[in-house]
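Bear in mind that the values here come from a model prediction, so they are computed numbers and not experimental data.
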Amino acid sequence: KELDTWIGKGLSGDETAMQMETKLADEIKKKFDFAYADWTVMQFFESTDLAIHITLDVVEKSDVAKRMPFKAAPMTTIKDPDGLLAAWRQYEEIALDLVDKGEVNPDTEKCSAVHCPFGHSHKKLKPFEKIFSEGVKKNEKALTEVLNSSKVMDDRASAAYLLAYLNEAEKVAALMIPAIKDPEPLVRNNALRVLGDIAEKNKEVILPIKPILEALEFPRSSDRSKAVFLAMMMASGSQQVRDEILKTGVPSLLSMLKGNQPDQRDFSHNILRKISGKDFPSSDYLAWSGWFQKVSRERALTSGQPTKSPQ
């Protein structure tokens, strides 16, 4: 009943929905003695409507080391370099208003950065392009310090997007990789989004697959969605990446295939097809599970190690 009330409040725009969301998650965490419990609400455009998927993300205490290998919360006070962080928040506020009005289509705009969530083609966003392109190059060191060390979560999250304006894919990727293990989900989300665009549009840049595969097990659904997209982009252009995913990433992919998140299911299915050479449908979990058990048995025969069945 409380869950239905919360969902109803959220759909109606009731300001108390966020408080109730936190209260419900805290109650579940306490009742079942979880190390972590929180809700992820994601929207997906489906063929006939806008679908809202609500996921309760939880982490058992025994799984903290594996699923929450995050850095300690930064504690440094850092000034806003040349007002860039404030400018980004202003840009983002204007852009989101334009998205709501249907005047900007997010993630389709081009600009002078390796990742552009809103671009600068709209006249209200155009002035920010020069501010960011010139300001970020001038303040690269300061923004990197913000991303790694600022105690203000919103500043770290903004710095991740701003550093994309260095427009040097390899350099930006190296700055984003450590941020994957930020303690705050918004910072992880932004870093993974930037890396996703780099992997998709800059195939010459070699990204390390190990931290991406670790992120497939991170606690929030938003973490896993960004990580599996990134893994899919990386797998499309590298046999070495496909081999590494086959060695260590398949259980995570099977879990996503079995789940109800449309993007995770589709992306994990795409990867499984690439690494296996099989063409089972995404709905046939048993076939994929059977394939992996067979591969695991064959590997065990050559290594002498016991096999584990997927959950």
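- In terms of modelled atom types and a separation under 3.5 Å, the side chain of Ser236 and the main chain of Met233 share a donor-acceptor contact.
- We find the CG-CG distance between Asn139 and Leu84 to be 5.5 Å, quoted to the nearest 0.5 Å.
- Rounding to the nearest 0.5 Å places CG of Asn190 at 11.5 Å from CG of Leu163.
- Residues Thr144 and Asn148 are in side-chain contact: their nearest non-hydrogen atoms beyond the backbone lie under 4.5 Å apart.
- Results of the ring pair (Phe, Tyr, Trp, His ring centres under 6.0 Å) test with His115 over Tyr165, Tyr161, Phe132 single out Tyr161 as the only residue that passes.
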- Task: Give the intermediate values and the outcome of side-chain hydrogen bond (donor to acceptor under 3.5 Å, both in side chains) for residues Lys151 and Thr77.
- Result: CA-CA 6 Å; Lys151 69 179 183 181; Thr77 299; 3.3 Å; yes
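- The closest donor-acceptor contact from the side chain of Ser238 to the backbone of Met234 lies at 3.5 Å or more, if one exists at all.
- Ring planes of Trp291 and Trp288: perpendicular class, angle over 60° (limits at 30 and 60°).
- With contacts defined as side-chain heavy-atom distances shorter than 4.5 Å, the pair Ile28/Phe32 qualifies.
- Taking all atoms of both residues into account, the shortest heavy-atom contact from Lys226 to Leu192 is CB-CB, 3.6 Å.
- With Tyr285 as the aromatic partner, Lys258 meets the cation-pi criteria of under 6.0 angstrom to the ring centre and within 45 degrees of the ring axis.
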- Message: Does Glu60 form a side chain to side chain contact (heavy atoms under 4.5 Å, CB included) with Tyr36? I'd like the steps, not just the answer.
- Response: CA-CA 7 Å; Glu60 302 273 6; Tyr36 174 91; over 6 Å; no
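- Within 6.0 Å of atom NZ in Lys203, more than 12 heavy atoms from other residues, nucleotides or ligands are found, so the atom counts as buried in its surroundings.
- At least one donor-acceptor pair under 3.5 Å links the side chain of Ser150 to the backbone N or O of Val152.
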- Query: Can you check side chain to side chain contact (heavy atoms under 4.5 Å, CB included) on Leu216 and Ile212, steps first, answer last?
  - Reply: CA-CA 7 Å; Leu216 295 178; Ile212 312 308; 5.6 Å; no
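- Side-chain contact, Lys126 with Ser121: no donor N or O sits under 3.5 Å from an acceptor N or O.
- The shortest distance between side-chain heavy atoms of Trp39 and Leu3 falls below 4.5 Å.
- Atom CD in Gln239 sits 4.5 Å away from atom CZ in Arg242 (nearest 0.5 Å).
- The two residues Phe292 and Leu246 have their closest heavy-atom pair at CE1-O, 4.5 Å.
- Side chain to side chain, Asn189 and Ser222 fail the donor-acceptor criterion of an N or O pair below 3.5 Å.
- In plain terms, the two heavy atoms of Ala169 and Ile198 that are nearest each other are O-CD1, 3.6 Å.
- Taking 4.0 Å as the cut-off between side-chain N and carboxylate O, Glu93 and Arg89 do not count as a salt-bridged pair.
- Atom CG in Leu207 sits 6.5 Å away from atom CG in Leu230 (nearest 0.5 Å).
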- Item | Stepwise side chain to side chain contact (heavy atoms under 4.5 Å, CB included) check, Met42 with Ser225 | CA-CA 10 Å; Met42 302 179 75; Ser225 288; 3.7 Å; yes
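- Pro211 approaches Ile180 most closely through the heavy-atom pair O-CG2, 4.4 Å.
- Looking only at distances, no side-chain donor or acceptor of Arg224 sits under 3.5 Å from a matching main-chain atom of Gln264.
- Aromatic rings of His269 and Phe280 (six-membered ring for Trp) have centroids beyond the 6.0 Å cut-off, not under it.
- No continuous path of ILVMFWY side-chain contacts below 4.5 Å connects Met18 to Ile7, so the two sit in separate hydrophobic clusters.
- Around the CD atom of Glu15, the shell of radius 6.0 Å holds no more than 12 heavy atoms that belong to other residues, nucleotides or ligands.
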- Message: Using side chain to side chain contact (heavy atoms under 4.5 Å, CB included), reason through Ile245 and Leu253 one step at a time and then give a plain yes or no.
- Response: CA-CA 9 Å; Ile245 293 173; Leu253 296 174; 3.7 Å; yes
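- Geometric assessment of Arg188 against the ring of Phe70 yields a positive cation-pi assignment under the 6.0 Å and 45° thresholds.
- Counting only distance, with no hydrogens or angles, the side chain of Arg156 and the backbone of Val187 share no donor-acceptor pair below 3.5 Å.
- Hydrophobic clustering keeps Ile206 apart from Leu213 (ILVMFWY residues linked when any side-chain heavy atoms are closer than 4.5 Å, directly or through intermediates).
- Under a 4.0 Å N-O distance rule, the pair Lys101/Asp97 qualifies as a salt bridge.
- Side-chain contact annotation: Asn167 with Ser112, donor-acceptor N/O pair under 3.5 Å absent.
- Using a 4.5 Å heavy-atom threshold, the side chains of Lys210 and Glu214 count as touching.
- Counting only heavy atoms from C-beta outward, the side chains of Leu85 and Leu162 approach each other to under 4.5 Å.
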- Show the numbers, then the answer: is there a side-chain hydrogen bond (donor to acceptor under 3.5 Å, both in side chains) between Lys9 and Thr16? CA-CA 7 Å; Lys9 286 186 174 186; Thr16 65; 3.3 Å; yes
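- Salt-bridge formation is not detected for the pair Glu140/Lys137: no Lys NZ or Arg NE/NH1/NH2 atom is positioned less than 4.0 Å from an Asp or Glu carboxylate oxygen.
- Within the 4.5 Å cutoff, no side-chain heavy atoms of Glu103 are placed close to those of Lys124.
- For CG of Asp100, the number of neighbouring non-hydrogen atoms (other residues, nucleotides, ligands) closer than 6.0 Å is greater than 12.
- For Glu170, the CD atom is loosely surrounded, since the number of other residues' heavy atoms within 6.0 Å does not exceed 12.
- The backbone N or O of Arg220 lies less than 3.5 Å from a partner atom in the side chain of Asp223, making a donor-acceptor pair.
- Side-chain contact between Ser12 and Asp14: present, with at least one pair of heavy atoms (C-beta onward) separated by less than 4.5 Å.
- Phe267 places none of its side-chain heavy atoms less than 4.5 Å from the side chain of Met256.
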